[in-house]
Amino acid sequence: MGGHSNWPEWIYIGVIVAIMVWVGAEAWDAERLVEHVPEDAETIIVTGQQWFWTFEYEDGTKTIGDLYVEVGKAYKLEIVSKDVNHSFNIHDYVVLMDAIPGRVNTVWFAPTEVGTYDIQCREFCGLIHYNMRGTLIVEEAST
Amino acid sequence: MVLELQKPRPIWQIMFSTHHTDVGLLYLITSLAFLFLGGSLALVIRAELFLPGAQIIGDAMTFNRIFTVHGTTLIFLFIIPFASAVGNYYVPIMVRYKDMAYPKLNAIAFWMIPPGGALIWLGFADFTWYATPPYSIISAPGPAADMWIFGLKILGISSVLGAINFIVTILKCKHPDMSIGQVPLLAWSFLSSSLIILVAIPTFAAALLMLLTDRLGVSGFFNPAMGGDPIAYAHLFWFTFHPEVYVLVIPAIGMMYEIIPRFSRKPIYSYNSGIFAFVLLSIVGFSSWAHHMYATGMSFTEKTVFMVGTLAAVPASAMHVFNFIATMWNGRIKFLTPMMWSVGGIALFFSAGAGGVANAAMPLDFTTHDTYWVVGHFHLFVMGTIAFGSIGFLYYMFPYVTGRMYNETLGKVHFIMSFVGTVLVFFTQHVLGLYGMPRRIFDYPPIPEWIAMNQIATVGAMIIGISMAIFLANMIYSSGKGKLANTEDPFGVGGKYYYPFEAKNPSH
Ligand code: HEM
Ligand SMILES: [Cu+2]
């Protein structure tokens, strides 16, 4: 108050609003691309339950704890839960999706390098939540 | 302005009193007790995480119970009652009324806190502070879980009663000579946060009842096995608790509005922009709740809507930062303890907000969500901003409440150690989150970066712990033996800018 003009504050607000618009636009654009699942992606059903992950591949085989994929291919993960909420996470590939009983959530990724990566649960799910871990094994392409 | 009488009185006289300063004192002491209780749990958590493997807590169940009660205590039994303490002392004086509008209701609202707190502490539930179903329905052990639900129910009612009282006191009981546009910003902060409480809390109150009947097996609102949907709970919960974070932060900002101009010996840069930012935040704050739920499988459109809602609230927070800096600009600043806490709080508020913007940007949130980043983010608010603002204000109120001065050197030591500790713990936790460490884990694999950062965080927490012991000693010693305060002007900053309308306040 007190009669001084307020233009510095208006400039400041303008700058903040501009930054927010920029962040929002960039985020919108990036998320739009990230969410576009490639047509040829192979589907893997990922089931979370207290306190381990099960993976079911298109050919009907199942693995527990270890997820096997091939480098360069795209995978669409359908994430479900048998009991409480979990969250499927491969931090190195920024894969994160909640496993919620009664729902099927999808997320996709395409491994770019051969190797092993950590899989973990990132949503609190009880006693052994801290050790609901697994391994992503990225292998050479078979063909 | 002596808010509290110096002459000793029997404890029951204060306990059965309905006078606003007595109820304020009860709130104050209760909230501080819970600050120390909840804070001790934090030290236990940090000690456990110092190294991989079990350290001092034998099992994961105990660990889960400890962090659940830690969070619940500091939010509902420290931050909220502390704000009520300040509101009780100051709001009636600032609107020039003899008491709160409904003194008996005021005392009742306070007396709901001890039973609520007792339920939470005696139960010691394990399902985190958001009690997410279906875990909380099918897995969480009773009676702890049920006691937590009842405890929160009682605390929720208490804050609604308190909110009604503040709103009526400010709007209906203010002195007729005073327009609403003259009410000091601290009182405005209580008006805005109380209005948010009224709109936000009933939703969670309903969700809690639904959770309880789900646990009893008579309903299945959130239980997929009975056709319910856990996501419904997430919406109800966050519809209350995203706005609720502003309920927590707004009074702390209000406290800074009282301290900063006074110790800068300048009027507030823009009173109107302060009001505008409070009101704007109270409204826009309701449009962002599902930013906590990006990873639950929401559609792209939903995510975008809530991201825009979240970003829209940022300018309203940022305006306060500007106002504070512009007030200090060219001021004759006197860096006494309360001012140091406020200025430190603003710096951390700014950092916290910057991190929040990153969370809000949807693709980035898939890196940060439910990692230690989020823990770092909201602790920069709850500890760095709210506790800092509150503790600074406690030093500021101290001479008015006790008639004595605290020890200034110890106050400064407390600030410096807490500030360093806070930076060490919560900035490090942001980075730890980027390295992928999930929150709420009892143990972790020996990844070298994780170990190093956990150790830095633990050391920081211990520094905060020591500073809080110094604080406690200072408060206890000084309230009995400190040197007598000059209650006209305890900080020697002159009365002119006490607060803008002091001259008209007959109670001075
Ligand atoms: C600039 C303003 C803010 C922005 C943009 C912001 C943004 C966010 C976002 C997007 C999340 C979700 C992160 C995730 O779980 O992945 C979050 C979490 C959180 N924020 Fe903020 N926030 C802001 C201010 C505040 C304030 C003022 C407080 C508290 C006083 C606060 C407290 C919290 C809490 C408690 C959580 C985490 C809750 C939990 O998961 O346990 N935030 N914030
Ligand atoms: Cu939020």
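Order of the sequence lines fixes the chain letters, A, B, ..., with proteins taken first and strands second; residue numbering starts at 1 for each chain.
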Taking side chain as everything from C-beta outward and backbone as N, CA, C, O, which of these in [X] sits under 4.5 Å from a heavy atom of chain A? Side chain, backbone, both or neither.
| X | answer |
| --- | --- |
| F63(B) | neither |
| P315(B) | both |
| F366(B) | both |
| P224(B) | side chain |
| I447(B) | side chain |
| F222(B) | neither |
| L434(B) | backbone |
| N64(B) | side chain |

Which of the residues [options] is involved in the greatest number of heavy-atom pairs with chain A at under 4.5 angstrom?
| options | value |
| --- | --- |
| M61(B), M293(B), K303(B) | K303(B) |
| A60(B), G228(B), A318(B), A358(B) | A318(B) |
| I137(B), D126(B), D229(B) | D229(B) |
| S273(B), S136(B), A312(B) | S273(B) |

Provide the closest heavy-atom pair for [X] versus [Y] in the form atom of the first, atom of the second, distance.
| X | Y | value |
| --- | --- | --- |
| A27(A) | M307(B) | CB-SD, 3.6 Å |
| P445(B) | R133(A) | CG-CZ, 3.5 Å |
| N6(A) | S270(B) | ND2-OG, 3.9 Å |

Any residues in [range] near chain B, with a heavy-atom distance under 4.5 Å, and which are they?
| range | answer |
| --- | --- |
| residues 34-63 of chain A | E35(A), Q50(A) |
| residues 106-131 of chain A | D118(A), Q120(A), C121(A), R122(A), E123(A), F124(A), C125(A), G126(A), L127(A), H129(A), Y130(A) |
| residues 78-85 of chain A | D83(A), V84(A), N85(A) |

CZ/F124(B): more than 12 non-hydrogen atoms of other groups inside 6.0 Å: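 Result for CZ/F124(B): enclosed.
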Is the number of heavy atoms from other residues, nucleotides or ligands under 6.0 Å of F300(B) CZ greater than 12?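 Atom CZ in F300(B) is crowded, with more than 12 foreign heavy atoms closer than 6.0 Å.
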Before you tell me yes or no, could you show the steps for T367(B) and H91(A) under side chain to side chain contact (heavy atoms under 4.5 Å, CB included), namely the whole-Å CA-CA distance, both residues' side-chain angles and the distance that decides it to 0.1 Å? CA-CA 7 Å; T367(B) 299; H91(A) 191 71; 3.9 Å; yes
Under 3.5 Å, is there a donor-acceptor pair between the side chain of H369(B) and the main chain of L96(A)?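 No.
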Applying ring pair (Phe, Tyr, Trp, His ring centres under 6.0 Å), can you list everything that pairs with F324(B), at least two apart in sequence or on another chain?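 Scan of F324(B) (ring pair (Phe, Tyr, Trp, His ring centres under 6.0 Å), adjacent residues dropped) gives Y257(B).
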Which answer fits D98(A), side chain, backbone, both or neither, if we ask what part of it has an atom under 4.5 Å from a heavy atom of chain B?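 Both backbone and side chain.
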Between R32(A) and chain B, with a heavy-atom cut-off of 4.5 Å, which part of the residue counts as in contact: side chain, backbone, both or neither?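 R32(A) touches chain B through backbone and side-chain heavy atoms alike.
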So, do R103(A) and T296(B) sit near enough that their side-chain heavy atoms are less than 4.5 Å apart?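 Not in contact.
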Given side chains that start at C-beta, do those of E9(A) and Y269(B) come closer than 4.5 Å, heavy atoms only?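 Yes, side chains in contact.
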